[in-house]
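Note sheet for the following structure.
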Amino acid sequence: SRFPIVEQANEDISAHPFESRGLLHCTLKLGPRQPELHCINVHLGLFERGRKWQVKALCDRIRATVPKDAPLVIAGDFNDWRYKANRTLIGELGVVEVFQAVRGRPARTFPSVLPVFRLDRIYARGLDIVDARVHYAFPAARLSDHAALAATLETVKKRR
């Protein structure tokens with residue numbers, strides 16, 4: 001991060017012994033007179049039952065550690081092709097799915113060479129969404145079997 005990381009935690013949210021999964025929670029100091037930004041990266045399981053438990057663990061962590069008025073970004077591989085986690089996160093945490101807000105639907109990211117499934121997401125709360133892009137570049141396709149997502153977000157300007 002180009003911003004100082006003031007706090008970090010890596011939580012094991014594996015639902016099965018044969019599928020290692022986790023969430024990484026970092027708090028960034030954006031600058032003087034700026035709020036701290038909470039960033040959570042996840043990789044959820046392949047099985048719906050385990051994902052349901054993992055989404056609950058994610059929501060519990062956010063409710064316990066992230067102030068309601070603090071800006072928040074949640075991003076990663078949700079493996080959620082049926083949008084069940086999407087509904088839960090939006091309903092329980094008040095986040096917006098960045099690509100849905102900008103483009104009308106989540107981005108297709110898997111497989112990277114010919115994306116069909118919308119498995120990767122970026123959610124935000126307390127931030128203005130400026131732009132959202134999917135990087136389908138061929139050399140990047142060799143780095144992962146998922147296309148990369150990027151979003152430009154800004155802290156919410158004080159409304160008068």
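Side chains included, hydrogens not; waters and symmetry mates left out as well; all remaining heavy atoms used.
Judged by distance alone, the side chains of T109 and D120 do bring a donor and an acceptor atom under 3.5 Å apart.
The closest side-chain heavy-atom distance from H38 to P67 is below 4.5 Å. Side-chain contact between L28 and C39: present, with at least one pair of heavy atoms (C-beta onward) separated by less than 4.5 Å.
Scanning all heavy atoms of the two residues, the minimum distance from Q34 to T155 falls at OE1-OG1, 3.1 Å. Taking each heavy atom of T88 and C59 in turn, the nearest pair found is CG2-SG, 4.4 Å. Residues P106 and R121 come closest through the heavy atom pair CB-NE, 3.8 Å. Nearest heavy-atom pair across W53 and S14 is CZ3-O, 3.9 Å.
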Margin query: Between Y123 and N86, does the side chain to side chain contact (heavy atoms under 4.5 Å, CB included) criterion hold? Intermediate values first, please.
Written below: CA-CA 9 Å; Y123 294 92; N86 192 55; 2.7 Å; yes
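L149 and L37 end up in the same hydrophobic cluster when Ile, Leu, Val, Met, Phe, Trp and Tyr side chains are linked at under 4.5 Å. By the criterion of side-chain heavy atoms lying less than 4.5 angstrom apart, applied directly or through intervening Ile, Leu, Val, Met, Phe, Trp or Tyr residues, I122 is not grouped with L23; the two fall into different hydrophobic clusters. V98 and I90 fall into different hydrophobic clusters, where Ile, Leu, Val, Met, Phe, Trp and Tyr are joined by side-chain heavy atoms under 4.5 Å apart, directly or via other members. Two different hydrophobic clusters hold L114 and F110 under the rule that ILVMFWY side chains link at heavy-atom gaps under 4.5 Å. Taking hydrophobic clusters as Ile, Leu, Val, Met, Phe, Trp and Tyr residues chained together by side-chain heavy-atom distances below 4.5 Å, I129 does not share a cluster with L89.
One finds the CD1 atom of I5 at 9.5 Å from the OG1 atom of T27 (value rounded to the nearest 0.5 Å). In this structure, CG in N41 is found 11.0 Å from CD1 in I74, a value given to the nearest 0.5 Å. Note that NZ of K56 is 8.5 Å distant from CD of E92, once rounded to the nearest 0.5 Å. Note that CG of D12 is 6.0 Å distant from OG of S20, once rounded to the nearest 0.5 Å. In this structure, L119 CG and D145 CG are separated by 9.5 Å, a value rounded to the nearest 0.5 Å. Here the straight-line distance linking atom NE2 of H25 with atom CD of E7 works out to 7.0 Å at 0.5 Å rounding.
In this structure, R125 contributes its side chain and P71 its backbone to no donor-acceptor pair below 3.5 Å. Of the possible polar contacts, one joining the S1 side chain to the F3 backbone as a donor-acceptor pair under 3.5 Å is found. With N79 contributing its side chain and L44 its backbone, the two residues share a donor-acceptor pair below 3.5 Å. Under a 3.5 Å cut-off, the side chain of R103 and the backbone N or O of A132 do form a donor-acceptor pair. No donor-acceptor pair closer than 3.5 Å links the side chain of D77 to the backbone N or O of H43. Counting only distance, with no hydrogens or angles, the side chain of S112 and the backbone of S144 share a donor-acceptor pair below 3.5 Å.
By the 6.0 Å contact criterion, NZ on K52 is open, its count of non-hydrogen atoms from other residues, nucleotides or ligands being 12 or less. For CD of E19, the number of neighbouring non-hydrogen atoms (other residues, nucleotides, ligands) closer than 6.0 Å is greater than 12.
A salt bridge does not link D80 with R118: every distance from a Lys NZ or Arg NE/NH1/NH2 to an Asp or Glu carboxylate oxygen is 4.0 Å or more. Between E97 and R105 there is no salt bridge, since none of the side-chain N atoms of the basic residue sits less than 4.0 Å from a carboxylate O of the acidic one.
For an aromatic pair to be called close, the ring centres must be under 6.0 Å apart, and F78 with Y83 fails this.
E36 pairs by the side chain to side chain donor-acceptor pair (under 3.5 Å) definition with nothing, not counting sequence neighbours.
Between F18 and F47, the ring planes are perpendicular. Angles over 60° get that label, and only those under 30° would be called parallel.
The residue from L127, L72, I62, V73 that alone fulfils the side-chain contact (heavy atoms from CB on, under 4.5 Å) condition with V95 is L72.
For R51 and W81, the positive end sits near the middle of the six-membered ring, less than 6.0 Å away and at most 45° from its axis.
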